[in-house]
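Since the structure is predicted, the reported quantities are computational estimates derived from the model, not experimental observations.
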Amino acid sequence: MIRWFAIAVMLTVGLSGCIVSKGKYEAAVADMESAKAELEKGRMHQEALEEQIRNLKGLNEKISTDLEMMTTEVQRIKEGRKNEQTLLETRERELDQEKAQLSTKLRVITAQYQKVKAQNNTLKKTVLRYKKELKDSRGDTEATMGRTKVGGKSLGSNTSSTAPGKSNLSSSMTSTVGMPTKPQTPKIASLPTISKGGGDLVNINRASVSDLVLTLGLSREVAEEVVSNRPYRLRGELVAKNIIPKATFDEIKGRITAAP
């Protein structure tokens, strides 16, 4: 391009003046070199600007990618927090439900404990009264036997010193009074029957082994069999599953229930 520009300048100068002085020629060449240098400088500046543009484009693409990644990460964090909050709320509700269930179980266990404690105290009082009555009855019996023996000896000595005509009467009195009588067995009050149901039906689907033993009078082995064969839809399944005999079922069927 510079070459064609120089040729054009030379043709212009040649056509206009035909003969050009050396000074003008050198000035034209100098102007041409200056224009060439300016043109080169402009080209280099343009290349530098294009390089900067390319760098800026690359930086812009990198920033856009980073921004997109950051936006995705922020969205993921927001979703994660939302999910965690939902899980925490769900877990909190579950814990509240478990707390309510445990509180209900605690109240039931406390009531059962108080009932068993009252029954135990009643049994202790009954046993103490039974022992006291037995002790008093034994003391009365021993005292009666002692008085009978003493009376028999005194009557025997009196009959030996009486007249012969009265021997038959003395002998009859000796045989009747002097012979010690057999002490009567004292009547001891029987233990009072303690209500084992407490007015409530025992749920064979929920009652513990201890409850079945205490309230129904079952043995621990039978109570464990009852617990291990749950659930029951009907009370009669205790007999159908060969857990307890029919006679035992007839005794306790009025105090049990198979409610779910």
Side-chain angles (χ1 to χ4, degrees), residues 88-147 181-260:
L88 288 175
E89 292 176 354
T90 303
R91 183 57 180 167
E92 185 177 0
R93 288 194 296 269
E94 291 177 354
L95 290 176
D96 290 338
Q97 293 177 358
E98 291 178 0
K99 181 179 178 181
Q101 292 176 359
L102 290 176
S103 299
T104 304
K105 289 181 179 179
L106 179 61
R107 287 194 296 269
V108 172
I109 292 174
T110 302
Q112 292 177 351
Y113 170 75
Q114 294 297 334
K115 182 170 65 176
V116 172
K117 185 177 179 181
Q119 293 177 353
N120 189 24
N121 291 333
T122 304
L123 286 174
K124 286 182 179 179
K125 292 179 181 178
T126 304
V127 170
L128 290 176
R129 186 173 70 250
Y130 172 79
K131 288 182 178 179
K132 184 178 179 181
E133 292 178 356
L134 182 61
K135 183 177 180 181
D136 294 341
S137 300
R138 287 179 178 176
D140 294 341
T141 303
E142 291 176 356
T144 303
M145 292 177 64
R147 288 195 300 269
T181 59
K182 183 179 180 181
Q184 296 181 353
T185 303
K187 296 182 179 181
I188 301 173
S190 60
L191 269 68
T193 303
I194 300 175
S195 176
K196 297 182 179 180
D200 297 328
L201 295 178
V202 179
N203 192 330
I204 58 177
N205 284 319
R206 296 183 180 179
S208 63
V209 175
S210 299
D211 291 338
L212 296 174
V213 172
L214 292 174
T215 58
L216 300 180
L218 301 177
S219 65
R220 177 164 291 273
E221 291 77 8
V222 175
E224 290 175 351
E225 284 288 329
V226 172
V227 172
S228 62
N229 284 276
R230 288 173 178 169
Y232 303 95
R233 292 179 298 177
L234 299 172
R235 296 176 301 173
E237 289 183 9
L238 293 174
V239 178
K241 294 181 178 181
N242 295 325
I243 299 173
I244 61 175
K246 183 66 168 58
T248 304
F249 175 76
D250 292 335
E251 293 179 1
I252 66 174
K253 66 180 180 180
R255 292 179 286 160
I256 62 175
T257 179

Within this structure, what is the [atom1]-[atom2] distance for the pair [X] and [Y], rounded to the nearest 0.5 Å?
X	Y	atom1	atom2	value
Gln112	Ser210	CD	OG	9.5 Å
Leu214	Lys115	CG	NZ	9.5 Å
Glu92	Leu88	CD	CG	8.0 Å
Ile244	Asp250	CD1	CG	9.0 Å
Leu212	Leu218	CG	CG	6.0 Å
Gln101	Asp96	CD	CG	11.5 Å

Is there side-chain contact between [X] and [Y], with heavy atoms separated by less than 4.5 Å?
X	Y	result
Tyr232	Ile243	yes
Arg255	Leu216	yes
Leu95	Lys99	no

What heavy-atom pair brings [X] and [Y] nearest, and what distance separates the two atoms?
X	Y	result
Val213	Ala223	CG2-CB, 3.9 Å
Val209	Arg220	CG1-NH1, 3.5 Å
Lys241	Asn229	NZ-O, 3.0 Å
Leu234	Ala258	C-CB, 3.9 Å
Glu98	Arg91	OE2-NH1, 4.2 Å
Gly254	Leu201	O-CD2, 3.4 Å

Practice problem: Answer with yes or no whether the side chains of Thr110 and Arg107 bring together a donor and an acceptor at under 3.5 Å. | Solution: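 No, no side-chain donor-acceptor contact under 3.5 Å.
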Quiz prompt | Whether Arg235 side chain and Phe249 backbone form a donor-acceptor pair below 3.5 Å | solution =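 No; judged by distance alone, with no hydrogens or angles, the pair does not exist.
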Quiz item: Under 3.5 Å, side chain of Asn203 to main-chain N/O of Ala259, donor-acceptor pair present?
Solution: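 Yes, because the side chain of Asn203 sits within donor-acceptor range (under 3.5 Å) of the backbone of Ala259.
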Exercise. Mind running side-chain contact (heavy atoms from CB on, under 4.5 Å) on Thr248 and Leu238 for me, showing each step along the way?
Key: CA-CA 10 Å; Thr248 304; Leu238 293 174; over 6 Å; no
Quiz item: Would you say Arg206 has more than 12 foreign heavy atoms packed within less than 6.0 Å of its CZ?
Solution: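 Check fails, neighbour count at 12 or below.
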